[in-house]
Amino acid sequence: MAVVPATLNSTTLVGAAILAVLLLVVLRSFISHSDLDKAIPSVGVPRGPFAFYRGAWSFLKNGRAVTREGYLKYPGRAFKVPLANRWLVVLNGRTLIDDLRKAPADALCFHEGTNSILFLEHTLGHEQHHDPYQATVVRTPLTRNIAVCFPVIRDEVIAAFDDLVPATTDEWTTVPAMQTVLPIISRVTNRFFIGLKCRDPDYIKLTTQFALDVTSDAMWLHLVPSFVRPLAVHLFGHLETATRSAMKHVGPMIQHRLEMDDKYGRDWPNADRPNDLISWLIDEARGHPSRRNVRNLTRTLLNVNFGAIHTTTQGFLHALYNLAAHLQYVEPLREEIERVVKAEGWTKTAMGKMVKLDSFMKESARFVPGGAVMGLRKVLKDFTFSDGTTAPAGVLVAVGVLAEHHDEANYVNGGTFDPFRFARMRDDCGEGTKHQMSTPSHDFLVFGIGRTACPGRFFAVNEQKLMMAHIITTYDFKLKDGVFPEDEWIAVLGSANSTAEMMFRKRK
Ligand code: HEM
Ligand SMILES: *[C@@H]1O[C@H](CO)[C@@H](O)[C@H](O)[C@H]1NC(C)=O
Ligand SMILES: *[C@@H]1O[C@H](CO)[C@@H](O)[C@H](O)[C@H]1NC(C)=O
């Protein structure tokens with residue numbers, strides 16, 4: 001196709017982009033995907049001309065229903081649904097989920113799956129695509145430090161709620177739920193990541209906005225042919241601006257840490273090396289010059305924020321809405337929280353002993369997992385599942401999490417919100433950590449599954465439980481409209497309602 005014109009203005013660029021998209025659309029309708037077409041049945045695709053695109057269009061609106069239809073129609077098998085520009089193969093049932101869990105990364109790849117949706121190179125950065133070492137840091141040093149950092153994390157929970165949900169009187173105050181919880185979670189999370197700097201309003205704006213920019217950049221990049229992407233990102237992308245702005249906030253701090261690291265390593269005079277994510281990243285950057293500089297460390301910090309803040313906010317909001325829609329569960333939770341805190345104080349150990357609270361949060365995540373599919377992987381070489389289905393190289397596969405979470409084969413009365421079901425299971429069989437929220441399984445998939453299951457889940461669960469325990473012991477609360485506010489769905493993504501309001505007052 002086109003030679004890139006020597007002088008580019010935005011009109012020619014938009015023209016070129018539209019032409020390219022049209023060309024792709026036409027090409028796409030000629031390409032026969034016969035391997036895939038024969039091997040795996042499709043759902044949500046009408047008959048007639050441009051069937052794929054009409055299906056893809058309606059999938060944007062009905063993704064949840066289409067995935068459910070496939071689940072019911074093909075139990076224990078795979079089916080495919082039309083995403084905007086490609087097929088997504090959805091796996092059904094325990095056996096296929098186990099196949100995905102056990103598959104080696106050179107066959108079913110998590111990183112390439114994410115990359116197919118997010119264009120990591122352009123939205124999170126070159127080094128984030130080619131050297132994503134933050135998972136190791138989150139999995140080990142960060143997770144190990146939850147217990148020692150717990151008092152600091154709690155300090156931020158208290159301070160953030162005092163600032164955003166002041167309830168010093170007996171009067172009810174009304175707040176927009178999403179716009180209140182999101183900055184609180186940014187603060188609490190970043191207190192653990194970077195210390196008190198987390199309170200800077202501009203920094204909060206940056207961390208909460210960054211994930212939205214990554215997602216919207218990725219969306220329009222899907223419409224741009226690959227050879228135009230670098231230029232398009234240069235002109236319209238958000239990564240550079242976000243990086244520069246983040247460097248203003250954390251650059252000097254990282255620079256200082258690196259200088260001290262050169263001089264003293266981990267053993268600073270008076271043992272006053274901060275114990276936070278920046279230090280743990282620098283530990284993991286030793287001997288890697290490409291990691292060990294202000295810019296790349298800032299990008300890695302942004303990337304961890306990308307994975308941490310909105311995910312935790314979504315899960316927390318769902319749980320909060322569920323509790324406010326079922327106020328009869330507040331009392332048993334209060335009783336448990338106060339009893340445990342009396343014995344253990346506000347510690348990570350205490351969180352571990354709050355079995356009902358864990359069950360409540362987990363049931364909430366089971367009931368509304370925030371999406372219809374999870375555990376996205378790209379097939380790197382033809383992969384044959386246990387049922388004989390072969391997914392050809394290049395295709396995306398995922399698990400139908402919502403249907404799985406509501407299947408009667410997995411859960412008795414799966415369609416009912418039963419907040420203490422996991423607490424009862426733990427009573428019944430005393431199976432240690434098996435039914436805890438932080439343990440992924442074929443029937444609990446919000447944190448993904450297998451080797452790449454979310455490494456931040458232990459922190460996320462502790463943070464969510466601590467925040468919920470704080471709310472339950474500090475406030476009375478209710479939903480302004482009294483009922484669980486509807487999720488907002490686009491294709492397979494279900495977000496917690498972003499406009500619902502909640503009311504709080506000092507606990508009576
Ligand atoms: C409730 C909140 C959270 C949810 C629901 C969640 C969910 C997920 C999921 C589904 C995956 C992909 C797993 C797979 O497909 O196998 C993932 C990966 C990841 N998450 Fe989380 N996450 C949450 C919180 C966090 C937090 C707080 C952090 C950081 C402290 C974090 C860091 C990461 C990282 C670094 C990865 C990539 C793992 C890799 O590259 O192998 N997440 N998360
Ligand atoms: C940042 O990381 C990338 C990829 O690892 C590397 O090519 C680049 O040189 C690094 N930047 C600096 C300033 O070292
Ligand atoms: C969000 O919740 C509010 C209050 O319950 C409701 O009026 C609104 O329709 C919900 N939004 C969506 C997209 O359902």
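Order of listing sets the numbers, starting from 1, for every ligand and every atom in it.
No side-chain donor from either of Tyr411 and Asp418 sits under 3.5 Å from a side-chain acceptor of the other. The closest side-chain donor-acceptor pair between Ser186 and Thr208, if any, does not fall under 3.5 angstrom. A donor-acceptor contact under 3.5 angstrom links the side chains of Tyr203 and Asn190, judged on distance only.
Taking a 6.0 Å sphere around CZ of Arg292, one finds it holds more than 12 heavy atoms contributed by other residues, nucleotides or ligands. Within 6.0 Å of atom CZ in Arg451, more than 12 heavy atoms from other residues, nucleotides or ligands are found, so the atom counts as buried in its surroundings.
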Which pairs of N or O atoms, one from ligand 2 and one from the protein, are separated by less than 3.5 Å, and what is the distance for each pair?
| residue | atom | partner | partner atom | Å |
| --- | --- | --- | --- | --- |
| ligand 2 | 2 (O) | Asn296 | ND2 | 2.3 |
| ligand 2 | 11 (N) | Asn296 | ND2 | 3.1 |
| ligand 2 | 14 (O) | Asn293 | ND2 | 2.9 |

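Glu112 has no carboxylate O lying under 4.0 Å from a charged side-chain N of Lys381, or vice versa, which leaves the two without a salt bridge. Ion pairing between Asp261 and Arg273 holds under the 4.0 Å rule for side-chain N and carboxylate O. Glu156 has no carboxylate O lying under 4.0 Å from a charged side-chain N of Lys197, or vice versa, which leaves the two without a salt bridge.
By heavy-atom distance, the residue among Val399, Thr452, Ile146 lying nearest atom 13 (C) of ligand 1 is Thr452. If you check each of Ala308, Ala135, Pro132, Ala105 against atom 26 (C) of ligand 1, the one with the closest non-hydrogen atom is Ala308. Looking at Cys454, Gly450, Ala365, Ala319 and measuring to atom 42 (N) of ligand 1, the nearest heavy atom belongs to Cys454. Remark: among candidates Phe193, Phe447, Phe110, Phe192, the nearest residue to atom 9 (C) of ligand 1 is Phe447, based on non-hydrogen atoms.
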Test log, rule side-chain contact (heavy atoms from CB on, under 4.5 Å), inputs Val233 and Leu239: CA-CA 8 Å; Val233 165; Leu239 177 62; 5.7 Å; no

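Among all non-hydrogen protein atoms, the one lying nearest atom 23 (C) of ligand 1 is Thr311 OG1, 3.5 Å. Closest to atom 36 (C) of ligand 1, if we only count protein heavy atoms, is Pro455 CD, 3.5 Å.
Near Ile449, with a cut-off below 4.0 Å to any heavy atom, the atoms of ligand 1 are 16 (O). Near Arg377, the atoms of ligand 1 lying under 4.0 angstrom from a non-hydrogen atom of the residue are 14 (C), 15 (O), 16 (O). Residue Gly307 has at least one heavy-atom neighbour below 4.0 Å for each of these atoms of ligand 1: 24 (C), 25 (C), 31 (C), 42 (N). Less than 4.0 angstrom separates some heavy atom of Gln464 from each of these atoms of ligand 1: 1 (C). Under a 4.0 Å criterion applied to the non-hydrogen atoms of Thr312, ligand 1 contributes the atoms 1 (C), 2 (C), 24 (C), 27 (C). Interface atoms of ligand 1 facing Val446, defined by a heavy-atom separation under 4.0 Å, are 5 (C), 7 (C), 10 (C).
Note: His238 and Phe210 fail the aromatic proximity criterion, with ring centroids not under 6.0 Å apart.
The shortest N or O to N or O distance between Glu488 and ligand 3 is not under 3.5 Å.
Paired with Leu396 under the rule side chain to side chain contact (heavy atoms under 4.5 Å, CB included), one option of Ile117, Leu108, Val373 passes, and it is Ile117.
The minimum heavy-atom distance linking Tyr133 with Thr300 is given by the pair OH-OG1, 3.8 Å.
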